[in-house]
Amino acid sequence: MTPSPVTPSPVPTSPVPAPVATTALYADPQAPAPALSPVGVPERPDDRARFVTRVRVAAAVPLVIGLGVHVLFLVAYWIPETSAFPAHDWWLGQLAPLASEALTSAGEPQVEAQWRQPGLGGVLLLLAAVVLFVLNRRPRLLGPGAAVLPAAAGALVALVMAVALVVGGRPSASGLTLVLLALWVGTAGYAGLAGLLVDPEAYRERRWRHGVVLLAAYAVVGPVPTAVGRALFGPDLRDAAAALQGNTVALRLAALTTGTTLLLYLSGLFVGVAVWAGYQCWPPRRDLRTGVRVLVLVAALVLTALVGSAAVGPAERRAAQLLQDSPADAVHFSCGAAQVDRPAGPETPARTLVITGLTCTELTSFEGYRQLVTRELPFSLAPVTARDPEGRRLAGRVVGAQYGPALVLAGSDRVDNGADQLLAVAVADGTEQWRWSCPDRRPLRLRFTGVPGGDAPERGHVGAGRAAVVVTCADRVTRLDPATGARLR
């Protein structure tokens, strides 16, 4: 018997679902499609641009701190006339740890705080700030995130400096430095870490207006280019100016109020123009605009050399004049001045006795243009009306004669300015040697005999005879020793 074939039962099948189209709807049809971005970086282009701007500004803050402090110390050293500004020493003392003497003051400390620190920290911070700024603007030079390296190095230097200031027991004397160090570390760290998330480089074509605002500010703030010009072409004039800063009566600004200052300012200004032109030439390109900018750079350097070389000679001569010559030759003093002879020869500084004060009762001694000592007198030295024994009026607002180391002057405390007193002062320092007046305080008549300077009849000087001050009180004639004031027979 043959078995019949088994027919398999059909397997139930379910219908295949038709594909379903899915559509995403947005509230803003113009919105960009979602994209992945680093954490902390905005997605929208305008927000991202503002973020990049903040990173670039943060990278510039350490450079502004370093350059600002060094420019302040540069001006303070090369233009010592600024020492009269309020809180001058306080600012320098507070910021001293951030400045380098080698870069600003030819290696000389300006304040006491710089004697106790080498200034290396200021150099390292400035160098780290420059590298951070360049790598932030051009991260492709060393690769993305390279700005972290100068930021970390600067932060380490700042930490060491802060610890040294605190441990050294001078946090209050350098409080402003500690604040700026914290700002340096914060902004540099932000710029360095943000450089890992976003590329802050934004190429823009150099235009002539780029950097003009900074160049104009450099030109307007006159002490800065003047300090640069003095540093390059007038160091002797700076030393002479520093010697005059102890003057309280007059001539403290004599090194600044001269035509040479204009030449030094222009030479320093052309240095700034050369730096601006060099900025215009970077990065170098092979086009006509770059060629024009290179010509501007070369012209600025040539003008710097020409104007600077023209300022060197006048600056040296002015410095020698301030240290050696008498101010009575070039400056008009309202009360008068008496230039004394140089007993040690022409190489020694000239000595001048200047009469100052509202009533001409102050006697100030100068060596060159440098003030030595000021003394207050009970009577006026100028103008004085004096006559010789024959009744002829003696010429000049100041009446007197020099006898070696002593200078004899006529004074008056009368309303009519008639000479009624004699005063002898030391040529060296203006100290009083002796004083004499007629017994009844009436006007006296004068003649100076044996004067080393020779005859000058209009001034009552007679070169011949014994050195003496001949005084006539009424009809009585008295001869006085010019050195001691003693009566002579």
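No experiment lies behind these values; they were computed from the predicted model shown.
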Colleague: If the condition is ring pair (Phe, Tyr, Trp, His ring centres under 6.0 Å), which residues does Trp276 pass it with, not counting sequence neighbours?
Modeller: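 Trp276: ring pair (Phe, Tyr, Trp, His ring centres under 6.0 Å) contacts with Trp208.
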Colleague: If you take all heavy atoms of Val296 and Ala277, which pair is closest and at what distance?
Modeller: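 Heavy atoms only, the tightest pair is CG1-CB, 4.0 Å.
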Colleague: Do the side chains of Arg392 and Glu458 get close enough for a salt bridge, i.e. N-O under 4.0 angstrom?
Modeller: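 No, no charged N to carboxylate O under 4.0 Å.
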Colleague: Quick one: list whatever passes disulfide bond (SG atoms under 2.5 Å apart) with Cys281, sequence neighbours left out.
Modeller: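 Partners of Cys281 by the disulfide bond (SG atoms under 2.5 Å apart) criterion come out as none, since no residue qualifies.
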Colleague: So, does Ser380 use its side chain to make a donor-acceptor pair with the main chain of Thr359 at under 3.5 Å?
Modeller: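 Here the side-chain-to-backbone pair exists.
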Colleague: Do Tyr218 and Val275 have side chains that approach each other closer than 4.5 Å (heavy atoms only, starting at C-beta)?
Modeller: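 Not in contact.
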Colleague: Sort and list the pairs that fulfil salt bridge (Lys or Arg N to Asp or Glu O under 4.0 Å) and have at least one residue in residues 173-188, not counting sequence neighbours.
Modeller: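 Residue pairs with at least one partner in residues 173-188: there are none.
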Colleague: Would you check if the side chain of Thr352 reaches a backbone N or O of Ser326 as a donor-acceptor pair within less than 3.5 Å?
Modeller: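 No, the answer is negative, given that no donor and acceptor are paired below the 3.5 Å cut-off.
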Colleague: In Å and rounded to the nearest 0.5 Å, what is the SG to CG distance from Cys360 to Asn417?
Modeller: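 Taking SG in Cys360 and CG in Asn417, the distance rounds to 9.0 Å.
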Colleague: Drop me the distance from Ser100's OG to Phe73's CZ, to the nearest 0.5 angstrom.
Modeller: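 Between atom OG of Ser100 and atom CZ of Phe73 there are 10.5 Å.
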Colleague: For residues Leu92 and Gln110, report the shortest heavy-atom separation together with the two atoms involved.
Modeller: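 So the minimum-distance heavy-atom pair works out to CD1-OE1, 4.2 Å.
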Colleague: Show the nearest heavy-atom pair for residues His461 and Gly400, with the distance to one decimal.
Modeller: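 Shortest heavy-atom contact: NE2-O, 2.8 Å.
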Colleague: Set out, in order, the CA-CA distance, both residues' side-chain angles and the distance that settles side-chain contact (heavy atoms from CB on, under 4.5 Å) for Tyr77 and Glu108, then state yes or no.
Modeller: CA-CA 9 Å; Tyr77 179 78; Glu108 297 183 12; 3.2 Å; yes
Colleague: May I ask you to test the Leu422-Val469 pair for a side-chain heavy-atom distance under 4.5 Å?
Modeller: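 Of all side-chain heavy-atom pairs linking Val469 with Leu422, at least one is under 4.5 Å.
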Colleague: For Thr431 and Arg375, work out which heavy atoms get closest and say how close.
Modeller: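 Answer, listing the atom of Thr431 first, then Arg375: CG2-NH2, 2.7 Å.
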Colleague: Hey, does Leu183 have a side-chain heavy atom less than 4.5 Å from the side chain of Ile65?
Modeller: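 Side-chain contact under 4.5 Å: yes.
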Colleague: Quick one: are Leu394 and Asp388 in side-chain contact, heavy atoms under 4.5 Å?
Modeller: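 In short, these two side chains touch, coming nearer than 4.5 Å.
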Colleague: Step by step, would you call Val408 with Leu423 a side-chain contact (heavy atoms from CB on, under 4.5 Å)?
Modeller: CA-CA 6 Å; Val408 182; Leu423 174 71; over 6 Å; no
Colleague: Using the test salt bridge (Lys or Arg N to Asp or Glu O under 4.0 Å), find all partners of Arg317 that sit at least two apart in sequence or belong to another chain.
Modeller: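 Arg317: no salt bridge (Lys or Arg N to Asp or Glu O under 4.0 Å) contacts found.
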Colleague: Is there a donor-acceptor contact under 3.5 Å linking the side chains of Thr248 and Gln371?
Modeller: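 A pair is found: one side chain offers a donor N or O, the other an acceptor, under 3.5 Å apart.
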Colleague: If you apply the rule side-chain contact (heavy atoms from CB on, under 4.5 Å), what do you find for Leu372 with Thr364, and how did you get there?
Modeller: CA-CA 7 Å; Leu372 297 179; Thr364 304; over 6 Å; no
Colleague: Within 45 degrees of the axis of the six-membered ring of Phe448 and under 6.0 Å from its centre: does Arg459 put its NZ or CZ there?
Modeller: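 No, Arg459 does not lie over the aromatic ring of Phe448.
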Colleague: Hey, are the side chains of Leu181 and Leu98 touching, using non-hydrogen atoms and a 4.5 Å cut-off?
Modeller: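 The answer is yes; the side chains approach within 4.5 Å.
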Colleague: How many angstroms lie between CG in Leu63 and OG1 in Thr187, if you round to the nearest 0.5 Å?
Modeller: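 If I round to the nearest 0.5 Å, the distance is 10.5 Å.
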Colleague: Is there a side-chain contact between Pro223 and Ile79, using heavy atoms and a 4.5 Å cut-off?
Modeller: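 When only atoms from C-beta onward are counted, Ile79 and Pro223 do touch, with a gap below 4.5 Å.
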Colleague: Look only at the side chain of Glu362 and the backbone of Thr374, and say whether a donor-acceptor pair between them is shorter than 3.5 Å.
Modeller: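 No; judged by distance alone, with no hydrogens or angles, the pair does not exist.
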Colleague: Can Met161 and Leu125 be said to form a side-chain contact (heavy atoms from CB on, under 4.5 Å), step by step?
Modeller: CA-CA 10 Å; Met161 293 176 61; Leu125 284 179; 3.7 Å; yes
Colleague: Distance from Asn247 atom CG to Leu253 atom CG, nearest 0.5 Å?
Modeller: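 If I round to the nearest 0.5 Å, the distance is 9.5 Å.
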Colleague: With Ala84, which residues qualify under side chain to side chain contact (heavy atoms under 4.5 Å, CB included), at least two apart?
Modeller: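 Side chain to side chain contact (heavy atoms under 4.5 Å, CB included) check on Ala84 returns Arg252.
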Colleague: Where the side chain of Arg387 meets the backbone of Gly418, is there a donor-acceptor pair that is under 3.5 Å apart?
Modeller: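 Absent.
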Colleague: Ala350 and Asp325: which non-hydrogen atoms are nearest, and at how many Å?
Modeller: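 Heavy atoms of Ala350 and Asp325 come nearest at CB-C, 3.9 Å.
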Colleague: Around atom CH2 of Trp91, are there more than 12 heavy atoms of other residues, nucleotides or ligands at under 6.0 Å?
Modeller: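 Not more than 12 within 6.0 Å, no.
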Colleague: Tell me if a side-chain donor or acceptor on Gln280 pairs with a main-chain N or O of His210 at a distance below 3.5 Å.
Modeller: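 Confirmed, Gln280 side chain pairs with His210 backbone.
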Colleague: Do you know the tightest heavy-atom contact between Leu74 and Leu103?
Modeller: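 Taking every non-hydrogen atom into account, CD1-O, 4.4 Å.
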Colleague: Say whether, by atom type as modelled, one donor and one acceptor occur between the side chain of Trp434 and the main chain of Pro482 under 3.5 angstrom.
Modeller: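 Side chain of Trp434 to backbone of Pro482: a pair is present.
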Colleague: Does the cation-pi check pass for Arg466 over Tyr403, that is, NZ or CZ under 6.0 Å from the six-membered ring centre and within 45° of its axis?
Modeller: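 Here Arg466 fails the 6.0 Å and 45° test against Tyr403.
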Colleague: Rounded to the nearest 0.5 Å, what separates atom CZ in Phe133 from atom CG in Leu67?
Modeller: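 So the CZ of Phe133 and the CG of Leu67 are separated by 9.5 Å.
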Colleague: When you compare the side chains of Ser412 and Gln421, does any donor N or O come within less than 3.5 Å of an acceptor on the partner?
Modeller: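 Gln421 and Ser412 do not have a side-chain donor-acceptor pair below 3.5 Å.
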Colleague: Any non-hydrogen side-chain atom of Val384 less than 4.5 Å from a side-chain atom of Val398?
Modeller: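 No - every pair of side-chain heavy atoms lies 4.5 Å or more apart.
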Colleague: Please check this pair: side chain of Gln94 against backbone of Ala173, looking for a donor-acceptor N/O pair closer than 3.5 Å.
Modeller: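 Side chain of Gln94 to backbone of Ala173, a donor-acceptor pair under 3.5 Å: yes, one is there.
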Colleague: Under the salt bridge (Lys or Arg N to Asp or Glu O under 4.0 Å) criterion, do Arg230 and Glu81 qualify, and how do the steps go?
Modeller: CA-CA 13 Å; Arg230 272 191 181 179; Glu81 292 87 345; 3.2 Å; yes
Colleague: Just do the salt bridge (Lys or Arg N to Asp or Glu O under 4.0 Å) check on Glu390 and Arg445 with the steps written out, would you?
Modeller: CA-CA 9 Å; Glu390 288 77 25; Arg445 296 185 177 187; over 6 Å; no
Colleague: Would one find more than 12 heavy atoms of other residues, nucleotides or ligands at under 6.0 Å from atom CZ of Arg414?
Modeller: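 For Arg414, atom CZ is crowded (more than 12 foreign heavy atoms under 6.0 Å).
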Colleague: Just grab all the side-chain hydrogen bond (donor to acceptor under 3.5 Å, both in side chains) pairs involving residues 255-271, residues at least two apart or on different chains.
Modeller: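 Every pair satisfying side-chain hydrogen bond (donor to acceptor under 3.5 Å, both in side chains) with a residue in residues 255-271: there are none.
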Colleague: When rounded to the nearest 0.5 angstrom, what distance separates CG in Leu124 from CG in Leu156?
Modeller: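 Nearest 0.5 Å value for the CG-CG distance: 10.0 Å.
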Colleague: Less than 4.5 Å apart, side chain to side chain, heavy atoms only: is that true for Arg435 and Phe379?
Modeller: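 Yes - at least one pair of side-chain heavy atoms lies under 4.5 Å apart.
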